[in-house]
Amino acid sequence: MTEVYNVQEVERKWQRIWEESGIYQVDDDDTRPRSYVLCMYPYPSGAAHQGHVKNYTFGDLNVRFRTMKGEAVLSPFGFDSFGLPAENAAIRTKIHPREYTDARIDELRSSVKRLGAVFDWRRESKSHDPSMIKWSQIIFARLYEAGLAYKAEAPVNWCPGCQTVLANEQVNSDGTCDRSGDIVERKNLSQWFFRITSYADDLLEGLDSLDWPERVKTMQRNWIGRSVGAKMKLKVAGLSDYSIEVYTTRPDTSFGMTYAVIAPEHPFVELITSSKIQDEKWKIDNVVSPEFSVSEQNSREIQDFVQSVKNLSDVDRVTTTSERPKRGIFTRCSVMNPFTGKLVPLYIADYVLMTYGTGAIMAVPGEDQRDYDFAKVFDLPIIRTVAPPEGFEGDAYTGSGEKINSEFLNGLSIEEAKSKAISWLQERDLGVASTQYRLRDWLISRQRYWGCPIPIVYCDKCGTSTVPVDDLPVLAPDDVEFLPTGESPLARHAIFSKAVCPKCGGPATRETDTMDTFVDSSWYFLRFCDSFNSKEPFSLTALEEWMPVDQYIGGIEHAILHLMYARFFTRALSDLSLVPKSLKEPFARLFTQGMIRMDGSKMSKSKGNLISPEQYFDGVGADALRLFHLFIGPPGDDFDWTGQADEMIEGCSRFLKRVYRVAVNEYVPTKVQDSESKLLREFTHRIIEKATIDYERWSYNTVVSGAMSLCNQIYKGISNGADSSSVDEAIDILIKLLAPMTPHICAELWSIRHDGEIVHLQKWPTPDQALLSSVKETLVVQVAGKVREKFEVDGSITEQEALALSMGSQKVLSFLANGSASRVVYRLPKLINLIP
RNA sequence: GCCCGGGUGGUGGAAUGGUAGACACGAAGGACUCAAAAUCCUUUGCUCGCAAGGGCGUGCGGGUUCGAAUCCCGCUCCGGGUACCA
């Protein structure tokens, strides 16, 4: 009897059974040990693509494996359903973003189900659901009350082609718009921010405790960019009340300062170019001496320079090469080096950024390459304060060495000189030790419709207030017009923007900006722990039950943004007692899967190089496609989708059919060979051991190869006369080992072989230790490190026995010139190495 | 520029100091078949040899070790991140 495996029918059947039986639904009163496995919730862009297939295959496999190991696994699913594409579609097609998004969600949900991935669907969440909007707004209000949300003016990205404001992540690294390719411009707008910088140190230190890929942790550390140094004040010559504060990480090099630089946006630029500075009365009031000599003419030159810099795109501004040397202009002002009392010239240059440190630097061309480059262009002196090694021929020397030309610092190391210089400054009240971060506050305002409205009203009398909880959620109206004007439809809406002040009851204006969609993804994993709570976003007790996420799975592209924001939220909400005090980190363990590439670039809808999973669901089936994604290599590696992929998927399908045939056909041995039965049993139990280890270390490709070997061994056992109990055992083990990976076929086979039982509720197999220890080992005999002979030996072989066996081989002896070894290295029972 | 990864057969990859190339894909040959598909069997790193067997081989050059794809030093090529952060 050979039954044909009907892929489509069987996969549909089991998908229905899993959904109806609710075996992957978990509740708070579950008595099994708990765990929480989560895939990053997706933006619903329609049917799943290969990246989703890979992601949810890893997630599903973890859920099923842990369940078979006896855990109650929280496995929820949701949709990151706010965002620009739906709004752009609305502008194009006039279909409302909600209608568009709901349709895409249905497509994605359906293809995730066709993959056979199991979730507790009762907990499904969508960012655009009014209840989720309400919780987001409550959380925003709490952050606002705690001073962690504030409004300030800031430059935003504006795409002239799309006529809209863009999120940072939609701007390419070369400063162009991700969609239209236009060069993005800067505009100043009043914006809402989250004060993530006040958690900079916590976020940095928290990384140490996380079981995350080192790569991701390094990226976050660099992004936070903590640096320690000193701030000091440089007096401006001729302006007795004015000084310019600079930040440096190298206070030890202060004696090498030959000029100073301020950013074009520095407030001092405004002062020296304003007309009032030419006013005689102002000069007397502010004690200006003749040393201060900015004339109207210089002032105009300076203004011209600053304007020319502001006209540059961000890309051009950060580019300085040999063809495009450093730009700057002399201010005609001098500042005093506090260490030497000497005056040095003050320049304005755009290689100094207003957004970092104090927006002003002391320039030390001897020990900083950027300062060196600038000094060469403007012919400024260069003084070395660290002795470079003999024969050093570079420009700036940034290495270690002895301090020189630095008076009381001479002879010290850089580190010693740093702390001595800082104490010197502090004793004289001229400067302080200071720590700076590259991390900026998180700009969350979006001038868009399809996002969570910021629940704020502005009153002329009472100022800014949050919308009272009873009035939440603030929902965007449906009767808006989607036009490509760049202005949010909400701002144009006559009624929405009008509000009542919650404090005085008078007329007020409503905030029309919505939140960045990364706000939604910063707490959705908390909601999953308490999806049925209608009173609050989540309760402390539910979070104590399930958080933190034990295994988080997603793409490396979220290494900084989402993963940093979610960490910030968890810490901030912990400090506000909205999540348990002890919960500081949301994701204990993170896995970042590899990318699917095609022709060198990421496979994506926008690149038009999608290979749809649906065609495989319709053909070889979900199991074969899942197996392919698991088998092609280590889960974290990128994969290039070539013409051979289809052949490999076909191979996976062939393997599953091979398993099916051997499992459904009754085996009646003709002549039983006891040695073959023993061999098969030993092999089976070795594979249990290996596969279990490999599952736990995320080496799924080798789990698959182990399962293939076991299948080959079963066929061999059958043709060589293994008894039926050893064959049955091997087949059952094979089905269990494959069950987390290819769930449909395994469920079907187990059900056929075991009278309707559910394989995914079976206990995970454990190897029989007695069988493992009775296994014959291969003893490799090396002569001078080269393999010359092999013997099948007992695991307990002694050194004497191994040596005697080796020396008994003519072949081994022929490589030993005088018939004996001067030294023997034993690694029994695997290896013996004879050195002549 | 700086910071990470990585380089193993025709291809995807295995091997965490101890048999390099597991397991697959592809290819070649064979069995079954009127034929094809499906399935099964054999071969498949390079090279010398009729064979037995030998030599070479994990990007390149050195080192440590009885033994190195694996550890260390220098180089090279490819991929990713980041970009004047003082």
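Residue numbers start from 1 in every chain, and the chains themselves are labelled A, B, ... in the order their sequence lines are given, proteins ahead of strands. Note: hydrogens, waters and symmetry copies are ignored here, and every other heavy atom, side chains too, is used.
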Apply salt bridge (Lys or Arg N to Asp or Glu O under 4.0 Å) to [X] and list each qualifying residue two or more places apart in sequence or on a separate chain.
{"X": "K418(A)", "answer": "E415(A)"}
{"X": "K776(A)", "answer": "D794(A)"}
{"X": "R697(A)", "answer": "D694(A)"}
{"X": "K217(A)", "answer": "E214(A)"}

[X]: ring-ring contact (aromatic ring centres under 6.0 Å, His included) partners, not counting sequence neighbours:
{"X": "F631(A)", "result": "none"}
{"X": "F378(A)", "result": "Y347(A), F374(A)"}
{"X": "Y397(A)", "result": "F392(A)"}

Sticking with atom [atom1], work out how far [N] lies from [M], rounded to a whole angstrom.
{"N": "rG57(B)", "M": "rC34(B)", "atom1": "C1'", "value": "49 Å"}
{"N": "rA86(B)", "M": "rC72(B)", "atom1": "P", "value": "29 Å"}
{"N": "rU11(B)", "M": "rA83(B)", "atom1": "C1'", "value": "37 Å"}

Are there any protein N/O atoms within less than 3.5 Å of an N/O atom in nucleotides 14-17 of chain B, and if so, which ones and at what distance?
unit_1	atom_1	unit_2	atom_2	d
rA14(B)	OP1	N701(A)	ND2	2.8
rA15(B)	OP1	R697(A)	NH2	3.2

Show me the protein contacts with nucleotides 39-43 of chain B, counting only N or O atoms at under 3.5 Å.
unit_1	atom_1	unit_2	atom_2	d
rU39(B)	O3'	R661(A)	NH2	3.4
rC40(B)	OP1	R658(A)	NH1	2.6

Between the protein and nucleotides 4-9 of chain B, are there any N/O to N/O pairs under 3.5 Å, and if so, what are the atom names and distances?
none

Original post:
Can you give one letter per nucleotide of nucleotides 46-56 of chain B, 5' to 3': B if a protein heavy atom sits under 4.0 Å from the base, S if only from the sugar-phosphate, - if neither?
Top reply: --------SSS
Scan the side chains in residues 249-260 of chain A for donor-acceptor partners under 3.5 Å anywhere in the protein, sequence neighbours excluded, and list what turns up.
unit_1	atom_1	unit_2	atom_2	d
R250(A)	NE	D252(A)	OD1	3.0
R250(A)	NH2	D252(A)	OD2	3.2
D252(A)	OD2	K403(A)	NZ	2.8
T253(A)	OG1	R250(A)	O	2.7
S254(A)	OG	P251(A)	O	2.6
T258(A)	OG1	P381(A)	O	2.8
Y259(A)	OH	Y351(A)	OH	3.3
Y259(A)	OH	D371(A)	O	2.8

